[in-house]
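Quick note: numbers below take in every heavy atom, side chains included, and nothing from hydrogens, waters or symmetry partners. Letters A, B, ... mirror the listed sequences (proteins, then strands); counts begin at 1.
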There are 2 protein chains.
Amino acid sequence: MPQDVFQAIADPTRREIIDMLAGQSMPVNDVAANFDMSRPAISRHIKILNECGLVVIRKEGRKRYCHADPQKLQEVIEWTYRYRKFWNEKLDALEAALGENDQSQ
Amino acid sequence: MPQDVFQAIADPTRREIIDMLAGQSMPVNDVAANFDMSRPAISRHIKILNECGLVVIRKEGRKRYCHADPQKLQEVIEWTYRYRKFWNEKLDALEAALGENDQSQ
DNA sequence: TCAATATGTAACAATTTAGTTACGCAAATA
DNA sequence: TATTTGCGTAACTAAATTGTTACATATTGA
């Protein structure tokens, strides 16, 4: 069952886990230690994130180092990207800049 | 209960509704006609989208015209934006362009 | 080898989700 | 006015979600 990415990020705890694992690898227990929730609950959240590719796991001895792989957020980004004209000014500026500077395409 | 946006877009039917209402206003019944699902089910999806601000409703006689307000996708966009370095090349180009052209800040 | 550690998973319960049909009501229309 | 239309909502059900505790297992270390 390849989990749906939109479904995976619907849970706030899972978003926190992604944030936590974006810049660093951590064993499952260390992740769980950061939450006011049982370890098995976190273990299952990580499993869901892993099943949809948002978290990859490297096994090392008895530890399983997890880290986020935001590549799979692409689907979400692409969907929201259709509504980019509603983004904030910074992103509008980005687009304007590209328009004036588009020599790479 | 102000619905959570991430939760709201987790459902594929609701994402379809947003897509459908992004460029046009439609009465609830017309939206429902596009789905293989009962009208009350669609009505509730629209209610959820309305409660989190993703769909606004203009009442006109006995019809309720719905249209998408992607402004509220901002929260999703902002969260995924942290992982922009994993975006596709087009967006990478956007950033590069801003970097070379940043006189407005 | 034996105990501690790291982790997954089963079993269970509570809650939420998502759909259905039935019904109610206001607005439009014949 | 009587009927049709557009739509919300209640009542119900089935399934999924999310948490818990208890237990199993593999790895590490004393």
Side-chain angles (χ1 to χ4, degrees), chain A residues 1-21 24-69 72 76 79, chain B residues 1-21 24-69 72 76 79:
Chain A
M1 293 92 200
Q3 281 276 342
D4 172 54
V5 176
F6 284 91
Q7 179 65 32
I9 65 170
D11 186 281
T13 300
R14 287 196 289 267
R15 289 199 300 278
E16 273 193 73
I17 292 175
I18 291 173
D19 291 339
M20 192 174 295
L21 297 175
Q24 61 187 328
S25 283
M26 290 174 71
V28 175
N29 271 355
D30 290 15
V31 176
N34 285 283
F35 291 90
D36 189 24
M37 193 183 294
S38 73
R39 183 193 52 75
I42 297 297
S43 178
R44 295 196 49 180
H45 280 308
I46 290 175
K47 184 181 184 181
I48 288 167
L49 291 170
N50 177 246
E51 279 170 357
C52 74
L54 280 171
V55 160
V56 294
I57 299 173
R58 167 177 46 92
K59 197 168 182 181
E60 198 167 303
R62 63 186 163 188
K63 294 185 183 175
R64 293 174 74 225
Y65 285 90
C66 312
H67 73 270
D69 180 9
K72 289 298 168 57
V76 178
W79 184 72
Chain B
M1 293 90 196
Q3 281 277 339
D4 173 54
V5 175
F6 284 91
Q7 180 64 32
I9 65 170
D11 186 281
T13 300
R14 287 197 287 268
R15 290 198 299 278
E16 273 193 73
I17 292 174
I18 291 173
D19 290 340
M20 192 174 295
L21 297 176
Q24 60 185 328
S25 283
M26 290 174 70
V28 176
N29 270 353
D30 290 15
V31 176
N34 285 282
F35 291 90
D36 189 23
M37 193 182 293
S38 73
R39 183 193 52 75
I42 296 298
S43 178
R44 297 198 48 178
H45 279 308
I46 290 175
K47 183 182 185 182
I48 288 167
L49 291 170
N50 177 246
E51 278 170 359
C52 73
L54 280 172
V55 160
V56 294
I57 300 173
R58 167 177 46 92
K59 197 167 179 179
E60 199 167 302
R62 62 187 164 188
K63 294 186 183 175
R64 293 174 73 226
Y65 284 90
C66 313
H67 73 269
D69 180 9
K72 289 299 170 56
V76 177
W79 184 72

### Message
Can you see if the side chain of A/Q7 gets near the phosphate of D/dT17 - specifically, an N or O under 4.0 Å from OP1 or OP2?
### Response
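It does, given that an N or O in the side chain of A/Q7 lies less than 4.0 Å from OP1 or OP2 of D/dT17.
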
### Query
Any side-chain N or O of A/K59 less than 4.0 Å from the OP1 or OP2 oxygen of C/dT7?
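Indeed not, no polar side-chain atom of A/K59 lies that close.
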
State, yes or no, whether a side-chain contact exists between [X] and [Y] at a heavy-atom distance under 4.5 Å.
| X | Y | answer |
| --- | --- | --- |
| B/N34 | B/M26 | yes |
| A/I9 | B/W79 | yes |
| B/I48 | B/L54 | no |
| B/R14 | A/F6 | no |

Could you give the [atom1]-to-[atom2] distance, from [X] to [N], as a whole number of Å?
| X | N | atom1 | atom2 | answer |
| --- | --- | --- | --- | --- |
| A/E16 | D/dT18 | CD | C1' | 15 Å |
| B/K47 | C/dA18 | NZ | P | 14 Å |
| A/D4 | C/dA18 | CG | P | 12 Å |
| B/I48 | C/dT16 | CD1 | C1' | 10 Å |
| B/D30 | D/dT5 | CG | P | 14 Å |
| A/Y65 | C/dA6 | OH | C1' | 11 Å |
| B/I46 | C/dA18 | CD1 | P | 15 Å |
| A/I57 | C/dA6 | CD1 | P | 16 Å |

Could you tell me the separation between the [atom1] atom of [X] and the [atom2] atom of [Y], rounded to the nearest 0.5 Å?
| X | Y | atom1 | atom2 | result |
| --- | --- | --- | --- | --- |
| B/H45 | B/T13 | NE2 | OG1 | 4.5 Å |
| A/D69 | A/I18 | CG | CD1 | 10.0 Å |
| B/I17 | B/I46 | CD1 | CD1 | 5.0 Å |

### Message
Test: salt bridge (charged side-chain N to carboxylate O under 4.0 Å, His left out). Region: residues 30-46 of chain A. Which pairs qualify, not counting sequence neighbours?
### Response
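Residue pairs passing salt bridge (charged side-chain N to carboxylate O under 4.0 Å, His left out), neighbours aside: none found.
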
Enumerate all atom pairs, one protein N or O and one N or O from nucleotides 28-30 of chain D, separated by less than 3.5 Å.
| from | atom 1 | to | atom 2 | distance (Å) |
| --- | --- | --- | --- | --- |
| D/dT28 | O4' | A/R62 | NH1 | 3.3 |

### Message
On DNA chain D, compare the nucleotides closest to A/T13 and B/K63; which residue's is nearer the 5' end?
### Response
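Nearer the 5' end of the strand: B/K63.
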
Between protein and nucleic acid, restricted to nucleotides 20-24 of chain C and to nitrogen or oxygen atoms under 3.5 Å apart, what atom pairs and distances do you find?
| from | atom 1 | to | atom 2 | distance (Å) |
| --- | --- | --- | --- | --- |
| C/dT20 | OP1 | B/S38 | N | 3.4 |
| C/dT20 | OP2 | B/S38 | N | 3.0 |
| C/dT20 | OP2 | B/S38 | OG | 2.4 |

### Task
Give the nucleotide from the list C/dA18, D/dG6, C/dT7 with an atom nearest to the side chain of B/H45.
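The closest nucleotide is C/dA18.
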
#### Entry: Positive for salt bridge (Lys or Arg N to Asp or Glu O under 4.0 Å) with A/E60, one of A/R62, A/R58, A/K63
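By the salt bridge (Lys or Arg N to Asp or Glu O under 4.0 Å) criterion, A/E60 pairs with just one of A/R62, A/R58, A/K63: A/R58.
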
